**Q** 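Before anything else, here's the structure in question.
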Protein chains: 2
Amino acid sequence: MNLKKTKTREAILSILSNSKFPLTADEIFEKIKSNGNFTLSTIYRSLFSFEIAGIIKKEVSTDKKSVYSLNTPMDKHVLVCVKCHKKVIISGCPYHEANKKISHETGFQIIDHNTEIYGICPECLKKGEK
Amino acid sequence: MNLKKTKTREAILSILSNSKFPLTADEIFEKIKSNGNFTLSTIYRSLFSFEIAGIIKKEVSTDKKSVYSLNTPMDKHVLVCVKCHKKVIISGCPYHEANKKISHETGFQIIDHNTEIYGICPECLKKGEK
DNA sequence: GTACTTGCAAAGAGTTTGCACATTA
DNA sequence: TAATGTGCAAACTCTTTGCAAGTAC
């Protein structure tokens, strides 16, 4: 299972590492299609290979599309502003302690979790005050 | 926008209120189809009406299906067993304290959040030990 | 040369929609 | 009867797959 370096794959990884937020396959496609002869299915397949290899991670967004991002395990918590849709990544896991408690109470051995937190960012709060 | 009471809708609400866990449209369909002449598209449309009316809520599960449940705002935290796919609802919000801290650190006014926690349930843990 | 990648087109799953008919209030 | 709801089939979106040809190592 050796990943070969190809133009498509380099382009995909470059896009993902330059993006602050997870992207859909189609968004990636839109960004690179002008640079060469790319296909959506190839992008899906590349993303799949990367995922298996542990290089990227795939998540499901609220509109039911798959979104992909480099696998930086700590960036799993996203604050989403309901006004301006800005996303802020929270580093570290704020729920670590709470999860220990859940584990204790339910007997579940907790492996992972995903969280989206909705709120209003400081900028939009200020605007609202005016 | 007046919701009319029909056989389909009563059946759907009955199923949802008797279910401890969110259900997909198809799961609802499977459960009620023997009781009458129901259609998947009608179920989707009824679910949509209920959602607009605020009676139920729709969420996206990790396998990208929409799941529906009665709109009880407190049951937002689900423990999912990665082995047997059982879901356990955690009542109350275990992250309340942590969110206060996030709010303080980021300036966000937090409104809401959704969480899925993945783990292995006690039963599957036992099986694994054997 | 062998294994891995790709493009293309077609298939697949879940969901939505148009239309004519049926039902509720 | 006026407004809503339904069944059916077809359309739609995102994603996956089969196959033959191409490319990296």
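Predicted model, so just to flag it, every value in this text is computed and none were measured. Side chains are part of it too, since the values below use all heavy atoms of this structure and drop only hydrogens, waters and symmetry mates. Residue numbering restarts at 1 for every chain, and letters A, B, ... go by the order of the sequence lines.
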**Q** Distance check needed: C/dT15 C1' versus B/E27 CD, whole Å only.
**A** 15 Å
**Q** Can you tell me how far P of D/dC14 sits from NZ of A/K58, to the nearest Å?
**A** 14 Å
**Q** Just N and O in the side chain of B/S46: are any of them under 4.0 Å from OP1 or OP2 of D/dG5?
**A**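 Checking B/S46 against D/dG5: no side-chain N or O falls below 4.0 Å of OP1 or OP2.
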**Q** Among D/dA24, D/dC8, D/dT15, which nucleotide has an atom closest to any side-chain atom of A/A25?
**A**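 Selected nucleotide (nearest to the side chain): D/dT15.
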**Q** B/T6 side chain: which of C/dG14, C/dT24, D/dT16 is closest?
**A** C/dT24
**Q** With a non-hydrogen cut-off below 4.0 angstrom, is B/F48 in contact with a base, only sugar-phosphate, or nothing?
**A** nothing
**Q** Given atom CD1 of B/I43 and atom C1' of D/dG5, what is their separation to the nearest angstrom?
**A**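 Taking CD1 of B/I43 and C1' of D/dG5, I get 13 Å after rounding.
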**Q** For the side chain of A/L40, starting at C-beta, report the closest nucleotide among D/dT15, D/dG7, C/dT5.
**A** D/dT15
**Q** At what angle, to 10 degrees, do the two end axes of the helix from C/dG1-D/dC25 to C/dA25-D/dT1 meet, given five pairs define each axis?
**A** 40°
**Q** Quick one: is D/dT6 close enough that its OP1 or OP2 comes under 4.0 Å of any side-chain N or O from B/T42?
**A**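 No, no such contact exists.
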**Q** Starting at the 5' end of DNA chain D and moving along, which residue's nearest nucleotide shows up first, B/R9 or B/S41?
**A**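 Here B/R9 is the residue nearer the 5' end.
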**Q** Could you state the NZ-C1' distance from A/K5 to D/dA24, rounded to the nearest angstrom?
**A**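 Whole-Å distance recorded here is 11 Å.
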**Q** Using whole Å, report how far CZ of B/F50 lies from C1' of D/dT6.
**A**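 Nearest whole value for this atom pair: 14 Å.
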**Q** Measure the distance from NZ on B/K7 to P on D/dG5 and round it to the nearest whole Å.
**A**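 After rounding, the reported distance stands at 17 Å.
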**Q** Can you tell me which nucleotide in C/dT6, C/dA25, D/dT6 comes closest to the side chain of B/K4?
**A** C/dA25
**Q** Could you tell me how far apart A/I12 (CD1) and C/dT6 (C1') are, to the nearest whole angstrom?
**A** 12 Å
**Q** Write down the distance between CG (B/L47) and P (C/dT17), rounded to a whole number of angstrom.
**A**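 Value for this atom pair: 14 Å.
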**Q** Just compare D/dT6, C/dC8, D/dT15 and give me whichever is closest to any side-chain atom of B/K64.
**A**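 Nearest nucleotide to the side chain: D/dT15.
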**Q** Is the number of heavy atoms from other residues, nucleotides or ligands within 6.0 Å of NZ (A/K64) greater than 12?
**A**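 For A/K64, atom NZ is crowded (more than 12 foreign heavy atoms under 6.0 Å).
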**Q** Of all the choices, C/dT24, C/dG14, C/dT6, which nucleotide is nearest to the side chain of B/K65 once you look at every atom?
**A** C/dG14
**Q** Any salt bridge (charged side-chain N to carboxylate O under 4.0 Å, His left out) involving residues 37-50 of chain B? Give me the pairs, sequence neighbours left out, ordered by first then second residue.
**A** none
